[in-house]
Enquirer: 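Here it is: the structure, laid out below.
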Amino acid sequence: MTRKHYLSLLAVFLLLNITGIFAQKSSDSITDELKAKIISNASHFTFGFYIDAYVNLELDHHADTSNIEPFSANCPMRNQFRLNVASVEVNYNAEKVRGKIQLQYGDAPNLLTAPEKQWIKTLRQASFGFRISKDFWTDIGYMFTPVGCESSWPVSNMISTVSYCGYFEPGTVLGIKFTYKFSDKFNGGFMAGNPYSLAYQQTNHLAGIFFLNYLPLKNLTISYNNLFGNQALRNAKIKNNLLYNDILITYDPNKNLTLMGQFDFAFQTNSGISPDTNKIASMSSGFLQGRYRFLNHFSVSLRYEYYYDPNGFLSGTYTYDGKTTGLTINGISVSLEYKPVKIAYLRLEYKYLHANDGNKVFYSNTSDLSNAVIFTTGVRF
């Protein structure tokens, strides 16, 4: 075969392939339908970022051997400019499936994590869920309990720092959650799982959580939440059965005013102070707070809080002048907030706390009084 014949055959081959390319079925390439499906799925994702910094300035100049504020859920380090949180959030919400993951770094994630379990501090939430029926959902993973309304992320609170009531509430659970909307005014559900044991490594017992929300008015919400189960150590022979109850009321009289009240009470078996350690111990705590918005970008918030744990089964015990008691705290916080834009805020807070005599919980157990000014600023988008 001559060179001329080879060239002729090559020309025919190329022509046939080019014709085939242009005659290709739409199913052989990325179709408009497939592109639309990809874009539709992507539209269900939302991404978020949150960065929050603070400085916690003590007004009582004690000879303290530690610069860490006790029982803090955020803003724990005194007299330093610090990073509360730097985080990334990914959420997926579709008609029948949803999921979320939150990763975080900073001072706040370290607070509730034992040193030997520091890896868990970077994971705030991780869960996925699916719709069983129109108003019935189930979620599985590492999730917050519905108990309480305060967050270790200052941006989610009226006042940046968390009350003692919020600090001792049940936190995150690794388990399953069922949520059902009974009507426009009622919704609730049930959770079961291991309460934060990945971090504390205290118990491998399952806990149950029940929650119910009632909306008698559009601007009024009444919630009841609880947690119950054995909270004893893994190999303990004696059971510590806990029933933790939480009642929360939120009311918005108008667009500029928000009022909130919370009352917690708990009981735990075999948790009394010596010599009668077999008795049932009790605890109560709560707060009243309000926020008033003015001048478009400004708001002021006020909170009164108390915490009463006479047997110390949650807060621990303190011995003073020969008497052993649990922790009792009263406190007031005032906060001024400026929001230059919707996604950012600056807050200046004054916080006063007073523990009962003998509860020298502050400044390395040298004082029962604490005065501080806390400045926080954050951006979340």
Enquirer: Count I, L, V, M, F, W, Y as connected when their side-chain heavy atoms are under 4.5 Å apart, and connections chain through other members. Are Leu174 and Ile101 then in the same cluster?
Expert: yes
Enquirer: Does any non-hydrogen side-chain atom of Phe168 lie less than 4.5 Å from one of Met283?
Expert: no
Enquirer: Rounded to the nearest 0.5 Å, what separates atom CG in Leu206 from atom CG in Asn230?
Expert: 10.5 Å
Enquirer: By the definition side chain to side chain donor-acceptor pair (under 3.5 Å), identify the one residue from Tyr306, Tyr308, Tyr304 that meets it with Asn330.
Expert: Tyr304
Enquirer: Apply salt bridge (Lys or Arg N to Asp or Glu O under 4.0 Å) to Arg293 and list each qualifying residue two or more places apart in sequence or on a separate chain.
Expert: none
Enquirer: Yes or no on side-chain contact (heavy atoms from CB on, under 4.5 Å) for Phe71 and Leu327, after CA distance, side-chain angles and deciding distance?
Expert: CA-CA 11 Å; Phe71 304 120; Leu327 182 62; 3.9 Å; yes
Enquirer: So that I can tick it off, tell me whether Asp52 and Arg380 are bridged by a salt bridge, with the cut-off set at under 4.0 angstrom between side-chain N and carboxylate O.
Expert: no
Enquirer: Hey, are Arg347 and Glu349 close enough for a salt bridge, meaning a charged N less than 4.0 Å from a carboxylate O?
Expert: no
Enquirer: Does the pair Val90 and Phe45 meet the rule for a side-chain contact (heavy atoms from CB on, under 4.5 Å), with working shown?
Expert: CA-CA 7 Å; Val90 181; Phe45 282 96; 4.1 Å; yes
Enquirer: Where does the angle between the aromatic ring planes of Tyr338 and His297 fall among parallel (under 30°), tilted (30 to 60°) and perpendicular (over 60°)?
Expert: perpendicular
Enquirer: Thr317 and Thr324: side-chain donor and acceptor closer than 3.5 Å?
Expert: no
Enquirer: Taking the side chain as every heavy atom from C-beta outward, state whether Leu59 and Val373 have any pair of such atoms under 4.5 Å apart.
Expert: yes
Enquirer: In Å, rounded to the nearest 0.5 Å, how long is the span from CE of Met77 to CG of Leu83?
Expert: 12.5 Å
Enquirer: Please tell me if the side chains of Phe211 and Met191 come closer than 4.5 Å, counting only heavy atoms from C-beta onward.
Expert: yes
Enquirer: Contact between Tyr345 and Pro340 at the side-chain level, heavy atoms closer than 4.5 Å - yes or no?
Expert: no
Enquirer: Take atom CG in Asn254; do more than 12 heavy atoms of anything else shown fall under 6.0 Å from it?
Expert: yes
Enquirer: Honestly curious: do Met158 and Val155 fall in one hydrophobic cluster under the side-chain, below-4.5 Å linking rule?
Expert: no
Enquirer: Please determine whether a side-chain nitrogen of the Lys or Arg among Lys100 and Glu89 lies less than 4.0 Å from a carboxylate oxygen of the Asp or Glu.
Expert: no
Enquirer: Please evaluate residues Glu150 and Gln289 with respect to the criterion side chain to side chain donor-acceptor pair (under 3.5 Å), reporting the C-alpha separation (whole Å), side-chain torsions for both, the decisive distance (0.1 Å), and the verdict.
Expert: CA-CA 12 Å; Glu150 296 177 283; Gln289 68 180 8; 5.7 Å; no
Enquirer: Is it possible for you to say whether Val300 and Leu257 belong to one hydrophobic cluster, with membership spreading through side-chain heavy-atom contacts below 4.5 Å?
Expert: yes
Enquirer: Parallel, tilted or perpendicular for Tyr307 and Tyr164, by the 30°/60° rule?
Expert: tilted
Enquirer: Any luck finding a side-chain donor-acceptor pair between Ser315 and Asp309 under 3.5 Å?
Expert: yes
Enquirer: Checking Ser271 against Asn311 for the side chain to side chain donor-acceptor pair (under 3.5 Å) test, could you report, in this order, the C-alpha distance in whole Å, the side-chain angles of both residues, the deciding distance, and whether it holds?
Expert: CA-CA 7 Å; Ser271 301; Asn311 293 279; over 6 Å; no
Enquirer: Could you tell me whether the side chains of Asn74 and Ser152 share a donor-acceptor contact shorter than 3.5 Å?
Expert: no
Enquirer: Please name the pair of heavy atoms, one in Gly148 and one in Asp246, separated by the smallest distance, quoted to 0.1 Å.
Expert: N-OD2, 3.1 Å
Enquirer: Spell out, as yes or no, whether a donor-acceptor pair under 3.5 Å connects the side chain of Thr366 to the backbone of Tyr363.
Expert: yes
Enquirer: Cut-off 3.5 Å, side chains only: do Tyr318 and Asn356 have a donor facing an acceptor?
Expert: no
Enquirer: Can you tell me which residue among Thr138, Asp135, Ile132 is in a side chain to side chain contact (heavy atoms under 4.5 Å, CB included) with Tyr180?
Expert: Asp135
Enquirer: Counting only N and O atoms by type, is there a donor-acceptor contact under 3.5 Å from the side chain of Asn219 to the main-chain atoms of Asp252?
Expert: yes
Enquirer: Go through the side-chain N and O atoms of Ser72 and Glu69 and say whether any donor and acceptor fall under 3.5 Å apart.
Expert: no
Enquirer: Rounded to the nearest 0.5 Å, how far does CG of Asp368 lie from OG1 of Thr328?
Expert: 11.5 Å
Enquirer: Which word best sums up how the rings of Phe228 and Phe190 line up, parallel for under 30°, tilted for 30 to 60°, or perpendicular for over 60°?
Expert: tilted
Enquirer: Do the side chain of Thr145 and the main chain of Gly171 share a donor and acceptor less than 3.5 angstrom apart?
Expert: yes
Enquirer: Rounded to the nearest 0.5 Å, what's the gap from CD on Gln268 to CD on Gln231? Could you check?
Expert: 7.0 Å
Enquirer: How are the rings of Tyr224 and Phe210 set to each other: parallel, tilted or perpendicular (split at 30° and 60°)?
Expert: tilted
Enquirer: If we only count heavy atoms from C-beta on, is the Tyr251 to Pro253 side-chain gap below 4.5 Å?
Expert: yes
Enquirer: Would you call Phe313 and Ile273 a side-chain contact if the rule is heavy atoms closer than 4.5 Å?
Expert: no
Enquirer: Answer yes if the side chains of Ser160 and Thr376 hold a donor-acceptor pair under 3.5 Å, and no otherwise.
Expert: yes
Enquirer: Please check if the distance between the ring centroids of Phe130 and Trp137 is under 6.0 Å.
Expert: no
Enquirer: Can you confirm whether the side chains of Asn157 and Ser151 place a donor and an acceptor under 3.5 Å from each other?
Expert: no
Enquirer: Between His354 (side chain only) and Leu369 (backbone N and O only), is there a donor and an acceptor less than 3.5 Å apart?
Expert: no
Enquirer: Which pair of non-hydrogen atoms, one from Cys75 and one from Ile374, has the smallest distance, and what is that distance?
Expert: SG-CG2, 3.9 Å
Enquirer: Quick check for you: to the nearest 0.5 Å, what is the distance between Thr377 atom OG1 and Leu346 atom CG?
Expert: 3.5 Å
Enquirer: Is Ile140 reachable from Phe178 through a run of I, L, V, M, F, W or Y residues, each pair having side-chain heavy atoms under 4.5 Å apart?
Expert: yes
Enquirer: With side chain to side chain donor-acceptor pair (under 3.5 Å) as the criterion, how do Ser370 and Lys351 come out once you've worked through the C-alpha distance, each side chain's angles and the decisive distance to 0.1 Å?
Expert: CA-CA 8 Å; Ser370 175; Lys351 189 169 189 175; over 6 Å; no
Enquirer: Return the minimal non-hydrogen interatomic distance between Leu242 and Ala266, and the atom names on each side.
Expert: CD1-CB, 4.2 Å
Enquirer: Show the numbers, then the answer: is there a side-chain contact (heavy atoms from CB on, under 4.5 Å) between Lys339 and Glu337?
Expert: CA-CA 7 Å; Lys339 290 179 72 75; Glu337 178 184 76; 3.5 Å; yes
Enquirer: Tell me if a side-chain donor or acceptor on Asn187 pairs with a main-chain N or O of Phe182 at a distance below 3.5 Å.
Expert: no
Enquirer: Out of curiosity, Tyr54 OH to Asn84 CG, how far, rounded to the nearest 0.5 Å?
Expert: 5.5 Å
Enquirer: Side-chain contact test, heavy atoms from C-beta onward, threshold under 4.5 Å: evaluate it for Ile159 versus Val334 and give yes or no.
Expert: no
Enquirer: What are the two closest heavy atoms between Thr250 and Thr258, and how far apart are they?
Expert: CG2-CG2, 4.4 Å
Enquirer: State, with a plain yes or no, whether a side-chain heavy atom of Ile329 is found less than 4.5 Å away from one of Phe362.
Expert: yes
Enquirer: How close do Leu302 and Ile332 get, heavy atom to heavy atom, and via which atoms?
Expert: CD1-CG2, 4.0 Å
Enquirer: Shared ILVMFWY cluster between Phe375 and Trp153, side chains joined below 4.5 angstrom?
Expert: no
Enquirer: Take the angle between the ring planes of Phe265 and Phe267 and call it parallel below 30°, perpendicular above 60°, tilted in between.
Expert: perpendicular
Enquirer: Kindly give the heavy-atom pair with the smallest separation between Tyr244 and Val147, and that separation in Å.
Expert: CE2-CG1, 4.0 Å
